[in-house]
Amino acid sequence: QRPPPREAQGAPVRAAVAAVPVAAAPAQPKRKLSYKEQRELESLPGDLEKLEAEQQELHGRIAAPDYHRAGADQMRSDSERVAELEKLISNGMDRWQELDALASKIGAGRT
């Protein structure tokens with residue numbers, strides 16, 4: 001006796017997988033941005049621009065040919081500020097995306 005063709009062997013497995021019910025995600029209550037979130041969303045682009053401008057200025061200062069004369073304390077301080085700015089900008093971008101996605105979801109729900 002010959003084994004069944006490959007297509008026939010895989011069909012029951014696919015049917016069994018397809019028959020498994022998928023638990024529906026619990027519906028999240030619709031809400032709108034709070035006043036504070038709306039103000040934050042509006043101010044984030046400007047805040048991020050200021051941080052990026054400071055970052056560019058700092059990178060320019062560090063890249064100057066005579067920067068090594070600034071002294072160890074200044075160099076350490078600048079290095080710490082660069083790391084802090086990178087973190088602030090990254091966190092700000094993440095928050096902006098989060099609020100923007102929430103605002104978009106709310107706006108899409110109104111249609």
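Residue pairs meeting the side chain to side chain donor-acceptor pair (under 3.5 Å) criterion with at least one partner in residues 58-72, sequence neighbours excluded, are Y67-D78.
Applying the salt bridge (Lys or Arg N to Asp or Glu O under 4.0 Å) criterion to R81, with sequence neighbours excluded, gives E54, E84. Residues meeting the salt bridge (Lys or Arg N to Asp or Glu O under 4.0 Å) test with E42, sequence neighbours left out: R39.
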Under 3.5 Å, which donor-acceptor pairs link side chains of residues 45-52 to any protein atom two or more places apart or in another chain?
none

Please set out all donor-acceptor pairs under 3.5 angstrom arising from side-chain atoms of residues 88-100, sequence neighbours excluded.
unit_1: N91; atom_1: ND2; unit_2: K87; atom_2: O; d: 3.4
unit_1: R95; atom_1: NE; unit_2: E40; atom_2: OE1; d: 3.3
unit_1: R95; atom_1: NE; unit_2: E40; atom_2: OE2; d: 3.1
unit_1: R95; atom_1: NH1; unit_2: E98; atom_2: OE2; d: 2.7
unit_1: R95; atom_1: NH2; unit_2: E40; atom_2: OE1; d: 3.0

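Note that the CG atom of L41 and the CG atom of L33 stand 6.5 Å from one another [nearest 0.5 Å]. If you take CD on E57 and CG on L85, they are separated by 10.5 Å, rounding to the nearest 0.5 Å. Here CG of L102 is found 10.0 Å from CD of Q38. Values are rounded to the nearest 0.5 Å.
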